[in-house]
Amino acid sequence: MMMDTIFQRIKAICERCDTELPVMPPTHFYNEGWMLRLVLDRFASLGERKDKHPLSIPEGCRWYTEALLPSAFLGQTGRDLCAETWTHADSVIGHFNIGKGHRANLNLASDSRHFVVIEAKMSSRLSPGVRNAPFFNQAARNIACIAEVLKRADRQASGFDALGFHVVAPASRIQEGRFAKYLVKGHVREIVAKRVAQYGGKKDTWFSEWFLPVLERLEINEISWEGLIEYLESRNSDVGPLREFYRRCLKWNGVKGG
């Protein structure tokens with residue numbers, strides 16, 4: 001009962017975001033993170049369907065937001081000038097385990113056949129790079145992490161029913177062409193190869209045996225929030241509240257549409 005009171009207060013604080021007297025920036029609530037959680041919660045309620053959608057959540061799969069994905073370029077010493085840290089994935093769908101406690105590090109289940117990573121956007125672009133590799137953009141970095149996740153589980157890409165990386169954003173941002181060039185497989189290969197070259201041959205085997213097979217097998221899409229709402233509506237899901245939440249996300253993030 002004590003926690004019920006806390007949850008009620010959290011609800012009241014969030015409800016004030018769209019009033020004249022908010023107590024926190026509205027974008028702390030009306031943002032791509034919460035929009036994605038609400039969308040995936042709806043997809044989970046649909047269950048298994050014959051008409052597969054990139055964000056479908058088959059029976060036995062789970063979804064999780066803010067998972068930590070391992071990188072093939074983690075630092076080995078304190079003076080590794082090429083290193084990067086684990087990557088935060090906006091969301092993942094599939095057969096996997098998450099570290100206990102406050103750690104959200106992800107590892108695949110031994111029998112995993114479904115692994116999808118989602119990057120959600122509202123007004124922002126894909127980030128351009130990391131400190132030690134300014135060219136290593138967010139799409140290439142996430143896809144490289146997918147390859148590393150499979151490597152650590154010793155699972156080949158050919159053994160998966162679904163393997164994907166999808167960017168979800170407002171239709172207006174997609175139509176502007178903000179993301180398309182970063183999602184072309186040839187571009188992704190070029191960027192990751194450049195990252196591998198920083199290691200002077202030490203990562204070449206990883207690139208040929210793990211990254212390239214993942215890239216070949218990987219499904220990569222741009223998906224609009226509007227398209228997701230329409231899809232859910234076509235499956236007899238009540239999307240009125242979701243559509244209104246999205247409208248407020250657009251409003252507070254300064255994005256046209258909805």
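The shortest distance between side-chain heavy atoms of Met35 and Leu242 falls below 4.5 Å. Gln156 is not listed as a side-chain neighbour of Leu150, based on a closest heavy-atom distance of 4.5 Å or more. Between Asn142 and Leu69, the closest side-chain pair of non-hydrogen atoms falls below 4.5 Å. Asp161 places none of its side-chain heavy atoms less than 4.5 Å from the side chain of Phe115. Here the side chains of Met3 and Thr5 are not in contact, with every heavy-atom distance at 4.5 Å or above. Two residues are said to be in side-chain contact when any heavy atoms from C-beta on lie closer than 4.5 Å; Asn137 and Pro128 fail this criterion. Ile223 is listed as a side-chain neighbour of Pro54, based on a closest heavy-atom distance under 4.5 Å. Side-chain contact between Val239 and Glu230 is absent, with no heavy atoms from C-beta onward closer than 4.5 Å.
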- Take Val255 and Ser172, measure what side chain to side chain contact (heavy atoms under 4.5 Å, CB included) needs, and give me the verdict at the end. CA-CA 8 Å; Val255 182; Ser172 61; 3.7 Å; yes
*Would you sort out whether Leu250 and Trp225 count as a side chain to side chain contact (heavy atoms under 4.5 Å, CB included), showing the intermediate values?*
CA-CA 11 Å; Leu250 295 177; Trp225 294 115; 5.9 Å; no
Output, in order, the C-alpha distance, side-chain angles, deciding distance and verdict of side chain to side chain contact (heavy atoms under 4.5 Å, CB included) for Val188 and Leu183.
CA-CA 7 Å; Val188 174; Leu183 304 180; 5.9 Å; no
Checklist entry - Between Thr65 and Val92, does a side chain to side chain contact (heavy atoms under 4.5 Å, CB included) hold up when you go through it step by step? => result CA-CA 6 Å; Thr65 58; Val92 290; over 6 Å; no
So Lys11 and Glu15, salt bridge (charged side-chain N to carboxylate O under 4.0 Å, His left out) or not? Walk me through it.
CA-CA 6 Å; Lys11 177 177 179 290; Glu15 286 175 340; 2.5 Å; yes
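Taking CD1 from Ile10 and CD from Gln8, the interatomic distance works out to 10.5 Å, rounded to the nearest 0.5 Å. Put simply, CG on Leu163 and CD1 on Ile143 are 10.0 Å apart, with the number rounded to the nearest 0.5 Å. Atom CZ of residue Phe211 and atom OG1 of residue Thr205 lie 15.0 Å apart, to the nearest 0.5 angstrom. Summarising the geometry, atom OG belonging to Ser110 is positioned 8.0 Å from atom CZ belonging to Arg155; distances are rounded to the nearest 0.5 Å. In this structure, CG on Asn107 lies 7.5 Å from CD1 on Ile98, to the nearest 0.5 angstrom. Atom CD in Glu66 sits 9.0 Å away from atom OG in Ser91 (nearest 0.5 Å).
Counting only N and O atoms by type, the side chains of Tyr246 and Glu226 include a donor and acceptor under 3.5 Å apart. A side-chain donor from one of Gln138 and Lys121 sits under 3.5 Å from a side-chain acceptor of the other.
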Please tabulate, one pair per line, all N/O donor-acceptor pairs under 3.5 Å involving side-chain atoms of residues 17-27, not counting sequence neighbours.
| residue | atom | partner | partner atom | Å |
| --- | --- | --- | --- | --- |
| Asp18 | OD1 | Lys251 | NZ | 3.2 |
| Asp18 | OD1 | Trp252 | NE1 | 2.7 |
| Asp18 | OD2 | Arg248 | NE | 3.4 |
| Asp18 | OD2 | Arg248 | NH1 | 3.3 |
| Thr19 | OG1 | Arg16 | O | 2.7 |
| Thr19 | OG1 | Leu21 | N | 3.2 |

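There is no path of hydrophobic side-chain contacts, each under 4.5 Å, that joins Ile146 to Leu36. One hydrophobic cluster, built from ILVMFWY side chains closer than 4.5 Å, cannot hold both Val167 and Ile118; they sit in different ones. Note on Tyr231: it does not cluster hydrophobically with Ile174, by side-chain heavy-atom contacts below 4.5 Å among ILVMFWY residues. Cluster membership check: Val192 shares its hydrophobic cluster with Trp210, using side-chain heavy-atom separations under 4.5 Å among Ile, Leu, Val, Met, Phe, Trp and Tyr. Hydrophobic clustering (ILVMFWY, side-chain heavy atoms < 4.5 Å, transitive): Val117 and Ile57 are in distinct clusters.
Side chain of Asn253 to main chain of Cys249: a donor-acceptor pair is present (N/O by atom type, distance under 3.5 Å, no hydrogens or angles). With Gln198 contributing its side chain and Asn132 its backbone, the two residues share a donor-acceptor pair below 3.5 Å. In this structure, Lys194 contributes its side chain and Phe135 its backbone to no donor-acceptor pair below 3.5 Å. Side-chain atoms of Asn31 come within 3.5 Å of backbone N or O of Gly33 as a donor-acceptor pair. Between the Lys52 side chain and the Ala162 main chain, no donor and acceptor come within less than 3.5 Å of each other. For Arg173 (side chain) and Arg178 (main-chain N/O), no donor-acceptor pair under 3.5 Å exists by modelled atom type.
A cation-pi arrangement is absent between Arg217 and Phe160, since the terminal nitrogen or guanidinium carbon is not both under 6.0 Å from the aromatic centre and inside a 45° cone about the axis. Annotation: cation-pi pair Lys203/Tyr199 present, NZ/CZ under 6.0 Å from the ring centroid and within 45° of its normal.
Considering all non-hydrogen atoms of both residues, Trp63 and Ile93 come closest at CB-CG1, 4.2 Å. Here the shortest heavy-atom pairing between Ala157 and Val214 reads CB-CA, 3.9 Å. In this structure, Cys61 and His95 approach most closely via the heavy-atom pair SG-NE2, 3.4 Å. Residues Ala109 and Asn97 come closest through the heavy atom pair CA-ND2, 4.2 Å. When all heavy atoms of Leu126 and Ala139 are compared, the pair lying nearest together is CD1-CB, 4.1 Å. Closest of all the heavy-atom pairs between His166 and Val116 is CD2-CG1, 3.5 Å.
The local environment of CD in Glu219 is crowded, with over 12 non-hydrogen atoms from other residues, nucleotides or ligands closer than 6.0 Å. Residue-environment remark: NZ (Lys185) exceeds the threshold of 12 foreign heavy atoms within 6.0 Å.
With sequence neighbours excluded, the residues that form a side-chain hydrogen bond (donor to acceptor under 3.5 Å, both in side chains) with Glu148 are Arg152, Trp206.
Ring geometry for Phe73 against Phe136 counts as perpendicular: the plane angle is over 60°, on a 0 to 90° scale with 30° as the lower cut. Between Tyr64 and Phe96, the ring-plane angle classifies as perpendicular under the 30° and 60° cut-offs. Classified by interplanar angle (parallel below 30°, tilted 30° to 60°, perpendicular above 60°), the ring pair Phe29/Trp34 is tilted. Taking the six-membered ring where the residue is Trp, Phe245 and Tyr30 present tilted rings, their angle falling between 30° and 60°.
The pair Glu233-Arg243 meets the salt-bridge criterion, since a charged nitrogen lies less than 4.0 angstrom from a carboxylate oxygen. Look at Arg195 and Glu84 and you find a salt bridge, because one of the NZ, NE, NH1 or NH2 atoms lies within 4.0 Å of a carboxylate O, short of that distance.
The other members of the hydrophobic cluster of Leu68, by chain and number, are Leu74, Trp86 (side-chain heavy atoms under 4.5 Å, ILVMFWY only).
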